[in-house]
Amino acid sequence: AVVVQPERAKPKPATAEAPAPKAAPVKPVTAAMPTPAPPTAKPAIREFPAVPAGKMPKGKLPPSQNETDQLIALREHAWDAIVDGDGKQAIRDFDKLAKAQPSDPEIYFGRGWAKEKSGAIDGAIDDYGAAIVRAPNHAGARLSRGFLFYYKRDFAAAERDFIAVYDTAAAALRDYALLWLYLSRA
């Protein structure tokens, strides 16, 4: 329903002393207009207190988090463990993530990185390969696997990975891959 406000009285003609004020245009008012939320109201993003980065107890997650939030927290915990030099914990975390999200290439890339940092080179190569199967143009996994092949003196395999990075990656990585490609051919 539209309610129109009554017209205002017309102003008297202007005299030489002061110009006549202009009347504001009349707008219809609708009864069904929603009331806007106050500017201080913010939507709730989480219903649980956030765990500070690096402060999560090993192997424990806050019980009030839903499954998606638990997986996000577990992923952050796994990367924090790598940064802290705890490769075994990172591998355990990435193992749990791989069971929950087996098609996510980033999980295999992260687990490969953790295995590489822990000295499990063959396991790292396998996990980088698993990431590449799930995302064939995953430049980070190809480059990392190429490095490991290079250090294992498997130059033909390293060359294949470096060529794939050169062919598909962004410019900054292409230059880096080209350098390693030349080294693998020396």
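Just so you know, residue 1 is the first one in the sequence shown, and it goes up from there.
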Using only heavy-atom distances, determine whether the side chains of Arg75 and Gln70 contain a donor-acceptor pair under 3.5 Å. no
If you measure from NZ on Lys152 to CZ on Arg145, what distance do you get to the nearest 0.5 Å? 12.0 Å
Step by step, would you call Trp79 with Phe94 a ring pair (Phe, Tyr, Trp, His ring centres under 6.0 Å)? CA-CA 9 Å; Trp79 283 106; Phe94 282 119; 5.6 Å; yes
For the student: nearest non-hydrogen atoms of Ala90 and Ile82, plus distance: CB-CG1, 3.5 Å
Between Arg111 (side chain) and Ile91 (backbone), is there a donor-acceptor pair under 3.5 Å? no
May I ask you to test the Leu143-Asp161 pair for a side-chain heavy-atom distance under 4.5 Å? no
When the aromatic ring centroids of Trp113 and Tyr108 are compared, is their separation below 6.0 Å? no
Is there a side chain to side chain contact (heavy atoms under 4.5 Å, CB included) between Gln89 and Arg92? Walk through the geometry before answering. CA-CA 5 Å; Gln89 180 61 48; Arg92 284 192 296 270; 2.8 Å; yes
So, are Lys115 and Asp127 salt-bridged, with charged N and O less than 4.0 Å apart? yes
What class does the angle between the rings of Phe162 and Phe147 fall in, given that below 30° is parallel, 30 to 60° is tilted and above 60° is perpendicular? tilted
With distance as the sole test, does Asp104 use its side chain to make a donor-acceptor pair with the main-chain N or O of Glu106 at under 3.5 Å? yes
Do Phe109 and Tyr128 make the cut of ring centroids closer than 6.0 angstrom? yes
